[in-house]
Amino acid sequence: MRDPAEASDLLDWYDRHARDLPWRIRPQARAAGVTADPYRIWLSEIMLQQTTVAAVREYFRVFTERWPTVEDLAAAEDADVMAAWAGLGYYARARNLLKCARSVVADHGGQFPADHAELLKLPGVGPYTAAAVSAIAFDDAQVVVDGNVERVMARLHDEHTPLPEAKPILTAYAAALTPAQRPGDYAQAVMDLGATICTPKRPACGLCPWRTSCAAWAEGTAAELPKKTPKKKKPIRRGTAYLARRVDGAWLLETRPDKGLLGGMLGWPGTDWLDVTLDAPVEDPPIRAEWKTVRGEARHTFTHFHLILTVKTALVPMERNASRGEFIELSNFSPSDLPTVMRKAFDLAQGG
DNA sequence: GATTCGTGGCT
DNA sequence: TAGCCAAGAAT
């Protein structure tokens with residue numbers, strides 16, 4: 001009979017192996033009474049949604065340097081925040097980030113609510129993030145369930161029910177293990193374990209503090225858990241982007257509508273992006289000009305489709321008006337303000 | 001419950 | 001290379 005897993009065994013491991021992360025209060029510091037800043041915990045958790053620590057680090061540094069408090073962020077211009085988020089993906093997060101910051105200032109006196117139910121009401125804050133902020137910022141013993149926790153629980157219990165069907169079962173396992181003491185450290189400990197030891201492929205079971213409690217280890221099934229329902233194949237879409245450069249160097253860009261793909265982000269005017277099995281999208285240049293097609297295509301893969309983008313360029317005179325978008329002065333534009341697919345189109349047009 | 005929503009790294 | 005994967009939320 002294997003041992004039951006205990007939170008204290010994982011906390012002991014965490015005390016020795018906790019990764020040093022910019023938003024993290026190390027366990028020794030927490031024990032000495034240092035408390036987390038809810039703003040930084042919240043910001044990091046939003047950035048970390050479906051995003052790796054490596055990708056988040058620099059964005060977190062830039063955001064906290066430029067907007068050190070929730071009041072600073074709430075007072076920021078929308079376009080500045082969207083530009084700063086460019087490249088990180090899932091842009092609804094950035095739109096909700098601003099909504100949330102402004103709600104915290106306007107409705108909560110500039111303080112993040114410590115109450116889990118109140119956190120859950122904030123824009124962009126779902127079950128995971130509300131629990132994580134409760135636990136990490138306020139040491140409230142909420143049940144934190146992310147992809148790491150799901151994987152660790154599936155293995156501890158050798159649970160073969162596929163996700164997402166298994167979610168309620170795995171959540172119940174997680175709830176049974178969540179301790180009343182040090183819930184913030186515990187939540188981070190499970191996620192660290194999942195990120196460094198109990199990894200999706202080739203888990204390092206020999207280093208795991210819960211090995212003797214793990215049913216999948218006993219059965220030799222750890223690497224194949226959790227089971228997941230198979231994903232659908234991505235269709236291929238195609239479209240055209242129009243890069244108009246005015247003779248003074250200004251670029252013709254548009255802010256995309258808030259809803260939908262790349263919502264709220266800066267982008268090149270273009271055609272719709274349609275499945276390649278349909279007719280080619282109708283040409284729709286945003287300004288009258290002599291358009292030239294750039295050799296090659298910009299290729300990009302989104303969550304649910306591949307895109308092949310034709311890029312056309314034109315040089316236009318000062319006085320000519322565009323039907324869509326606005327010219328942005330060269331001094332007010334950086335390619336890094338663009339979402340990656342738009343930056344790829346820019347790079348292709350530049351000959352890169 | 002199923003879809004929509006990015007991106008970069010790794011195998 | 002083509003698919004898988006990452007501290008999910010909104011609809």
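Both backbone and side-chain heavy atoms feed into the values below; hydrogens, waters and symmetry mates do not. Order of the sequence lines fixes the chain letters, A, B, ..., with proteins taken first and strands second; residue numbering starts at 1 for each chain.
- Residue A:Thr303 has its side chain nearest to B:dG6 when only C:dA7, B:dT7, B:dG6 are considered.
- Across the protein-nucleic acid pair, A:Phe302 atom CZ and C:dG3 atom C1' stand 18 Å apart, rounded to whole Å.
- Minimum interatomic distance between A:Gln188 and A:Tyr14 (heavy atoms only, all atoms of both residues): CB-OH, 3.5 Å.
- Here A:Lys232 lies in heavy-atom contact (under 4.0 Å) with sugar-phosphate atoms only.
- OP1 or OP2 of B:dC5 has at least one side-chain nitrogen or oxygen of A:His304 nearer than 4.0 Å.
- Proximity of A:Trp217 to A:Thr212: side-chain heavy atoms (C-beta onward) are nowhere separated by under 4.5 Å.
- For A:Trp273 and A:Phe302, the ring centers sit closer than 6.0 Å to each other.
- Nearer to the 5' terminus of DNA chain C, by closest-nucleotide assignment, is the contact made by A:Lys233 (compared with the other of A:Gly194 and A:Lys233).
- In this structure, the nucleotide among B:dT11, C:dA7, C:dA9 sitting nearest to the side chain of A:Leu21 is C:dA7.
- Rounded to whole Å, the separation between the P atoms of C:dA9 and B:dG8 comes to 22 Å.
- Here the separation of B:dT11 from C:dA7, taken at their P atoms, is 16 Å to the nearest Å.
- In summary, the aromatic rings of A:Trp85 and A:Tyr59 are positioned with their centroids too far apart to meet the 6.0 Å limit.
- Between the CH2 atom of A:Trp273 and the C1' atom of B:dT4 there is a distance of 14 Å, given to the nearest Å.
- Across all strands, A:Thr51 comes closer than 4.0 Å to base atoms (heavy-atom distances).
- The residue A:Gly263 sits apart from the nucleic acid: no heavy atom pair falls under 4.0 Å.
- Listed nucleotides: C:dA6, C:dA7, B:dG6. Nearest to the side chain of A:Lys228: C:dA6.
- In this model, the phosphate group of C:dC5 is not approached by any side-chain N or O of A:Thr52 to a distance below 4.0 Å at OP1 or OP2.
- The side chain of A:Glu45 approaches C:dA7 more closely than any other nucleotide in the set C:dA7, C:dA9, B:dG6.
- The NZ atom of A:Lys234 sits 13 Å away from the C1' atom of B:dT3 (whole-angstrom rounding).
- Comparing A:Asp146 and A:Lys259 by the nucleotide of DNA chain C whose heavy atom lies nearest to each, the residue mapping closer to the 5' end is A:Asp146.
- Rounded to an integer number of Å, the gap from A:Met153 CE to C:dA7 P is 13 Å.
- Between the CG atom of A:Leu261 and the P atom of B:dG6 there is a distance of 5 Å, given to the nearest Å.
- Of the candidate nucleotides B:dT7, C:dA7, B:dG6, C:dA7 has the atom lying nearest to any side-chain atom of A:Arg24.
- In this model, a side-chain donor or acceptor of A:Tyr90 finds a partner on the base of B:dG6 within 3.5 Å.
- Between A:His306 and A:Arg237 there is no side-chain heavy-atom pair separated by less than 4.5 Å.
- When heavy atoms are screened at a 4.0 angstrom cut-off, A:Leu88 is found touching base atoms of the nucleic acid.
- You'll find the ring centres of A:Tyr242 and A:Trp268 outside the 6.0 Å limit.
- Out of C:dA7, B:dC5, C:dC5, the shortest distance to the side chain of A:Met191 is found at C:dA7.
- The side chain of A:Gln50 has B:dG6 as its nearest neighbour among C:dC5, B:dG8, B:dG6.
- In this structure, CE of A:Met265 is placed 13 Å from C1' of B:dC5, rounded to the nearest angstrom.
- Within the nucleic acid shown, A:Trp42 has no heavy atom closer than 4.0 Å to any nucleic acid atom.
- Contact annotation for A:Val125: backbone-only contact, meaning every heavy-atom pair under 4.0 Å involves sugar-phosphate atoms and none involves a base.
- For C:dA7, the base has a donor-acceptor partner in the side chain of A:Arg19 [N/O atoms by modelled type, under 3.5 angstrom].
- The CZ atom of A:Arg151 sits 10 Å away from the P atom of C:dG8 (whole-angstrom rounding).
- Counting to the nearest Å, the C1' atom of B:dT4 and the CZ atom of A:Arg256 are 14 Å from each other.
- The nucleotide whose nearest atom lies closest to any side-chain atom of A:Asn148 is, among C:dA6, C:dA10, C:dC4, C:dA6.
- The 5' end of DNA chain B is approached more closely, in terms of each residue's nearest nucleotide, by A:Pro164 than by the other of A:Gly89 and A:Pro164.
- Side-chain contact check for A:Gln181 and A:Tyr186: no donor-acceptor pair (N or O, by modelled atom type) lies under 3.5 Å.
- The base of B:dG6 lies outside donor-acceptor range of the side chain of A:Thr301, with no N or O pair under 3.5 Å.
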